[in-house]
**Q** 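Mind having a look at this structure? Questions to follow.
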Amino acid sequence: VILFNIDSKSDSNSKSLPDAIVRVFLKVFNEMQGFCGSRPYIADLERRLTNEGKYEQFKQIFNESSGKEWVDERQGGAFILKHIAFALNKLDVMTEEDTRTWYNEQSKDYHISIEDFGKLVQEYCDKKGNNHHVIFLVDEVGQFIADNTKLMTNMQTVTEDLGTDCKGKAWIVVTSQQDIDSVIHVEGQDFSKIQGRFDTRLNLSSSNVDEVIRKRILEKNPEAKALLEELYNSKESIIKNLITFADPVYKKL
C-alpha cells in the first residue's frame with residue numbers, strides 16, 4: 001500500500017503540467033521501491049542497475065569515489081555527476097562521456113507517458129509473484145484537482161491504463177472531503193465517465209473530536225491519558241473561561 005497526500009507529494013509548479021498526476025504517482029512508486037523520488041531519471045538508473053544485479057556494486061563504488069553514501073547524495077545532481085560516471089564506467093554500464101550525455105538530456109526534459117508508467121507497475125507486480133498487488137491510496141484528490149479539467153482526465157487515464165496493464169493487481173483508492181459527484185461537475189465539462197473508473201464508493205463519515213481523542217489516542221496511550229487528566233484538573237477553570245463553542249450543542253470538557 002502506497003499512502004500519500006497528493007498535494008504534498010507534488011512539485012510546487014506541477015499543477016500547470018498536463019501530466020501532473022502521473023508524475024506524482026511515479027514519484028511515490030519509486031520511493032516505495034527505495035529509489036530516488038524527486039529525480040525520476042536517477043530512479044530509472046537505479047531500476048536498471050537493480051535489474052542487472054549491479055546496484056549494490058554501484059553504491060559501493062560511488063562511496064569509494066566520493067566518500068559519501070549514495071542514498072544521501074543521489075539528489076545532488078551535477079555535483080555528483082563525476083562519481084556517477086566513474087562508477088557506471090567501472091561497471092561497464094556506460095562510458096563516462098555517455099553518462100554525461102544521458103544526464104544532460106534527462107535532467108532537462110524528463111518525460112514518462114502514462115502507458116510507460118503502467119508497464120513499470122506491471123513489471124513490478126509480475127516480479128513479485130501472482131498474488132502481489134499494489135494499492136495507491138491517494139489522499140485529498142478533490143482539493144488537488146479542483147476545477148482543473150486536465151488533471152481530471154489525467155487521473156482517469158492513469159486509472160484506465162493501470163487497470164488494463166496490471167489486470168486487477170494495481171488499485172487506486174482516492175479520498176476527498178467532497179463526494180465524487182461534486183468533484184466531477186466542472187463547469188462546461190462532463191466528467192461522468194470517470195465515475196465508471198471509481199465504481200466502488202466508500203462513504204467515510206467524519207468522527208466527533210471527542211471520539212477521536214478518547215478512542216483513537218488516549219485509550220491507546222494510558223500514560224498520556226493520566227497526564228492529561230492531571231493537567232485538566234489543575235487548569236479546569238481557565239480552560240472553561242477560554243473555550244467557547246459557536247453552536248448550541250453542549251460539548252463536555
**Q** Around N131, counting heavy atoms of other residues, nucleotides and ligands shown, do more than 12 lie under 6.0 Å from its CG?
**A**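 Result for CG/N131: open.
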
**Q** Do L3 and V174 sit in one hydrophobic cluster, given that two such residues count as connected whenever their side-chain heavy atoms are within less than 4.5 Å of each other, even indirectly?
**A**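 As far as the 4.5 Å side-chain criterion goes, V174 and L3 are not connected within one cluster.
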
**Q** Please confirm whether the backbone N or O of A78 pairs with a side-chain atom of Y103, one donor and one acceptor, at under 3.5 Å?
**A**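 The answer is yes, because a donor-acceptor pair under 3.5 Å joins these two groups.
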
**Q** Under 3.5 Å, is there a donor-acceptor pair between the E46 and W70 side chains?
**A**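 Side chains of E46 and W70: pair found under 3.5 Å.
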
**Q** Within a reach of under 6.0 Å around CH2 of W171, are more than 12 heavy atoms found that belong to other residues, nucleotides or ligands?
**A**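 Counting neighbours around CH2 of W171, 12 or fewer heavy atoms of other residues, nucleotides or ligands fall under 6.0 Å, so no.
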
**Q** Before you tell me yes or no, could you show the steps for L49 and E56 under side chain to side chain contact (heavy atoms under 4.5 Å, CB included), namely the whole-Å CA-CA distance, both residues' side-chain angles and the distance that decides it to 0.1 Å?
**A** CA-CA 8 Å; L49 293 171; E56 294 303 320; over 6 Å; no

**Q** Taking the side chain as C-beta and beyond, is there a heavy-atom pair between W102 and L45 under 4.5 Å?
**A**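 Yes, close enough: below the 4.5 Å cut-off.
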
**Q** For the backbone of D109 and the side chain of H111, can you confirm whether one donor and one acceptor N or O come within less than 3.5 Å of each other?
**A**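 No.
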
**Q** Establish, from distance only, whether the side-chain atoms of D98 and T95 form a donor-acceptor pair under 3.5 Å.
**A**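 Per modelled atom types, D98 and T95 side chains form a pair under 3.5 Å.
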
**Q** Would E96 and T101 count as a side chain to side chain contact (heavy atoms under 4.5 Å, CB included) here? Give the steps.
**A** CA-CA 9 Å; E96 294 192 23; T101 301; over 6 Å; no

**Q** Keeping D139 on the side-chain end and F4 on the backbone end, is there a donor-acceptor pair under 3.5 Å?
**A**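 It does not hold such a pair.
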
**Q** For the pair E69 and K59, find out whether any cationic side-chain nitrogen is under 4.0 Å from an anionic carboxylate oxygen.
**A**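 Salt bridge flag = no for K59 with E69.
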
**Q** Identify the heavy atoms of F144 and S10 that sit nearest to each other, and give their distance.
**A**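 Looking at all heavy atoms of both residues, the closest pair is CE1-OG, 3.4 Å.
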
**Q** Are N154 and T157 linked by a side-chain donor-acceptor pair shorter than 3.5 Å?
**A**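 There is no such pair between these side chains.
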
**Q** Nearest 0.5 angstrom please: T175 OG1 to N5 CG, how far?
**A**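 Here the rounded value is 8.0 Å.
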
**Q** Measuring from T164:OG1 to E115:CD, what's the distance to the nearest 0.5 Å?
**A**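 T164 atom OG1 to E115 atom CD measures 10.0 Å (nearest 0.5 Å).
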
**Q** Taking atom NZ as the centre, does K54 end up with more than 12 heavy-atom neighbours from other residues, nucleotides or ligands that are less than 6.0 angstrom away?
**A**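 More than 12 heavy atoms, drawn from other residues, nucleotides or ligands, come within 6.0 Å of this atom.
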
**Q** Any heavy-atom pair between the side chains of V93 and F58 that's under 4.5 Å?
**A**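 No, their side chains stay 4.5 Å or more apart.
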
**Q** State the CG-CD distance between L231 and E236, to the nearest 0.5 angstrom.
**A**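 One gets 11.5 Å once the value is rounded to the nearest 0.5 Å.
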
**Q** Please walk me through it: do I2 and I135 pass side chain to side chain contact (heavy atoms under 4.5 Å, CB included)?
**A** CA-CA 6 Å; I2 308 173; I135 301 176; over 6 Å; no

**Q** Shortest non-hydrogen contact from R74 to I42?
**A**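 Heavy-atom minimum between the residues: O-CG1, 4.1 Å.
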
**Q** Could you tell me whether a side-chain N or O of D19 sits under 3.5 Å from a main-chain N or O of V22, the two making a donor and an acceptor?
**A**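 No, the answer is negative, given that no donor and acceptor are paired below the 3.5 Å cut-off.
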
**Q** Would a 4.5 Å heavy-atom cut-off, applied to side chains only, mark P40 and K27 as touching?
**A**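 Contact flag for P40/K27 side chains = no.
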
**Q** Before we go on, tell me: are the rings of Y124 and F29 under 6.0 Å apart, centre to centre?
**A**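 So the answer is yes for these two rings.
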
**Q** Does the side chain of E140 reach to within under 4.5 Å of the side chain of Q143, using non-hydrogen atoms?
**A**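 E140 vs Q143: side chains touch.
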
**Q** If you measure from the Lys or Arg side-chain nitrogens to the Asp or Glu carboxylate oxygens, is any gap between R48 and E52 under 4.0 Å?
**A**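 Judged by the 4.0 Å cut-off on N to carboxylate O distance, R48 and E52 do form a salt bridge.
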
**Q** How far apart are the closest heavy atoms of C166 and G118, and which atoms are they?
**A**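 In this case the closest contact between C166 and G118 is SG-O, 4.0 Å.
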
**Q** Same cluster or not: V1 versus V173, using hydrophobic residues (I, L, V, M, F, W, Y) connected whenever any side-chain heavy atoms lie under 4.5 Å apart?
**A**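 Yes; V173 is reachable from V1 via cluster members.
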
**Q** To the nearest 0.5 Å, what is the distance between CZ (R23) and CD1 (I114)?
**A**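 The CD1 atom of I114 is 11.5 Å from CZ of R23, to the nearest 0.5 Å.
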
**Q** So, for A85 and T99, which heavy atoms are closest and what is the spacing to 0.1 Å?
**A**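 Closest pair (atom of A85, atom of T99, distance): CA-CG2, 3.7 Å.
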
**Q** Using modelled atom types only, decide if a donor and an acceptor are shared between the side chain of N241 and the backbone of S237 within a distance under 3.5 Å.
**A**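 Pair found, side chain donor or acceptor close to backbone of S237.
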
**Q** If you apply the rule side chain to side chain contact (heavy atoms under 4.5 Å, CB included), what do you find for K169 with N130, and how did you get there?
**A** CA-CA 9 Å; K169 291 185 178 180; N130 291 331; 4.2 Å; yes

**Q** Could you check whether any side-chain heavy atom of F25 comes within less than 4.5 Å of a side-chain heavy atom of M155, counting everything from C-beta outward?
**A**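 Yes, at least one pair of side-chain atoms sits under 4.5 Å.
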
**Q** I'd like to know if the side chain of D165 reaches the main chain of Q122, judged simply by a donor and an acceptor atom lying under 3.5 Å from each other, with no hydrogens or angles considered.
**A**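 Such a contact is absent between D165 side chain and Q122 backbone.
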
**Q** Working to the nearest 0.5 Å, report the span between CG of L91 and CZ of F62.
**A**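 Answer for the CG-CZ pair, L91 versus F62, is 13.0 Å.
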
**Q** Is it the case that K119 places NZ or CZ above or below the six-membered ring of F117, under 6.0 angstrom from the centre and within 45 degrees of the axis?
**A**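 Negative - K119 is either too far from the ring of F117 or too far off its axis.
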
**Q** If only side-chain N and O atoms count, and only distance matters, is there a donor-acceptor pair under 3.5 Å linking S65 with H83?
**A**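 A pair is found: one side chain offers a donor N or O, the other an acceptor, under 3.5 Å apart.
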
**Q** Is the closest basic N to carboxylate O distance between E31 and K9 below 4.0 Å?
**A**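 Answer for the salt bridge query: yes.
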
**Q** Which atoms form the tightest heavy-atom contact between N30 and A43, and what is the distance?
**A**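 Reported closest heavy-atom pair: ND2-CB, 3.3 Å.
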
**Q** Looking at CG of L151 and CD1 of I21, how far apart are the two atoms once the value is rounded to the nearest 0.5 Å?
**A**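 Answer rounded to 0.5 Å: 5.0 Å.
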
**Q** Minimum heavy-atom separation for I6 and V24, please, with both atom names.
**A**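 Reported closest heavy-atom pair: CG1-CG1, 3.8 Å.
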
**Q** Could you tell me whether a side-chain N or O of N104 sits under 3.5 Å from a main-chain N or O of R100, the two making a donor and an acceptor?
**A**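 Yes.
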
**Q** Could you state whether L162 and L137 fall into the same hydrophobic cluster, counting links through intermediate Ile, Leu, Val, Met, Phe, Trp or Tyr residues with side-chain heavy atoms under 4.5 angstrom apart?
**A**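 Hydrophobic grouping puts L162 apart from L137.
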
**Q** Please check if atom CG in N233 has more than 12 non-hydrogen atoms from other residues, nucleotides or ligands closer than 6.0 Å.
**A**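 Yes - once you tally the heavy atoms of other residues, nucleotides and ligands closer than 6.0 Å, there are more than 12.
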
**Q** Looking just at side-chain N and O atoms, do E160 and Q156 make a donor-acceptor pair shorter than 3.5 Å?
**A**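 Present: a donor and an acceptor within the cut-off.
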
